[in-house]
Amino acid sequence: MLVTQQPVLRRFWYALMPVSMLDAGPQPFTLLGERLVLFLGKKEGGNDGPVALADRCCHRTAQLSKGWVEDGTIVCGYHGWRYDGSGACVCIPQQAAGAPIPAGARTEAYRCQERYGYVWVCLGEPLQDIPTFEEDGDPAYRRIFQFYEQWRTSPLRFMENSFDNSHFSFVHKANFGMLDQPKPSSYRLEQTEWGFEAETVVPINNPPAGHRVTGTDKPTTIRHLFNRWHLPFVRRFGCTYPDSGLHHIIYNCATPIDDKRIQLVQWLYRNDNEASCSSEELIAWDAPITREDQEILEATDYDACVDTRRRVEFHMESDKPGLIMRKMLFELLQRHGEEEQFRPAGVPL
Ligand code: FES
Ligand code: CO
């Protein structure tokens, strides 16, 4: 499936960047192949907040992200035309005072809001709201922005991998995976209208110095995972450690930049505090695991096929979560009258 060629994917919300990045001025971001500019401006209705416009001036096409923000509007860096939060051109400095702005002088505006410290954008009429992160705002948890980086893979590959219990023993063998126990724990899976919930109990290697999860010197511990997938590309990794009562809850949005690249966003919620384990340590702990996943996913074909009748990949029992994703994405395309689009034969990876 080529994500930029499936219009229905434009009808979901995606996390684009920490809202704090906009303090430095307008920022470019490509979402589903669409070049956007994000800035803190006046929204329709007069409130301040993040705004997403097409990153293209209607005068001579310059990227508005090269400009700057003034009085809640964005000023094009080429000749100074200004746009408000609705995308309307509101000032042409070369014109005489009071002269009318030409009809239709505007750039496209998109739905944009702040949630969980990030700017979220939907390019079309949303089919559902931004998924709920229950821990966000709960005083029992602290929020850590763990990763924000580009990967050369597709969002479906990322989502599938995050529910694939068979890869731990191999991809993460240097870490928590147990190479001598390749048979994965199975999930209790429950499909919902918007995705699925997946629960499992997994034994893991637990070097106490690194994990800080048991407070004991046991060589292994167990993780209770209560995970969720939200159609199309958001997931929860709800990891709790019954031995210690510690919660290590991750949310990811695999934001599709184009067919070959995602912006990986990772939030971490922990029910401990900075004194017992600093944010830096927690980032450093998950970083090698994330690198291991990145390295193998960047070595796969970005075109992951959702029509499983096309036998381009073989499957096994533990691929079930990924197969549900493919089936639900396939049905989503069908409901919206779309054919799955593929990487044409002969086009190199
Ligand atoms: Fe933007 Fe001329 S290109 S003002
Ligand atoms: Co992994």
### Task
Flag yes if F147 and V171 sit in one hydrophobic cluster, no otherwise; membership is Ile, Leu, Val, Met, Phe, Trp, Tyr, and two members link when side-chain heavy atoms are under 4.5 Å apart.
no
- Message: Between E338 and V8 (side chain of the first, backbone of the second, donor and acceptor by atom type, cut-off under 3.5 Å), is there such a pair?
- Response: yes
Self-check item: Expected output: side-chain D301 to main-chain A304 donor-acceptor under 3.5 Å
Solution: no
Hey, are S65 and D55 close enough side-chain-wise for a donor-acceptor pair under 3.5 Å? yes
Tell me whether W229 contacts the main-chain N or O of P232 through its side chain, where contact means a donor paired with an acceptor under 3.5 Å.
yes
> Is there a donor-acceptor contact under 3.5 Å from the side chain of E340 to the main chain of F330?
Replying inline: no
Does a donor on one side chain and an acceptor on the other come within less than 3.5 Å for D259 and T4?
yes
> Mind checking whether L2 and I257 sit in one hydrophobic cluster, side chains of I, L, V, M, F, W, Y counted as touching below 4.5 Å?
Replying inline: no
Original post:
Is R343 positioned over the aromatic face of Y302, cation under 6.0 angstrom from the ring centre and no more than 45 degrees off axis?
Top reply: yes
The residue among E135, H248, H247 that forms side chain to side chain donor-acceptor pair (under 3.5 Å) with R270 is H248
Query raised in the report: Can E197 and R188 be counted as an ion pair, charged N to O under 4.0 angstrom?
Result: no
Worksheet item: Can a cation-pi geometry be assigned to R310 and F342, taking NZ or CZ under 6.0 Å from the six-membered ring centre and within 45° of the ring axis?
Response: yes
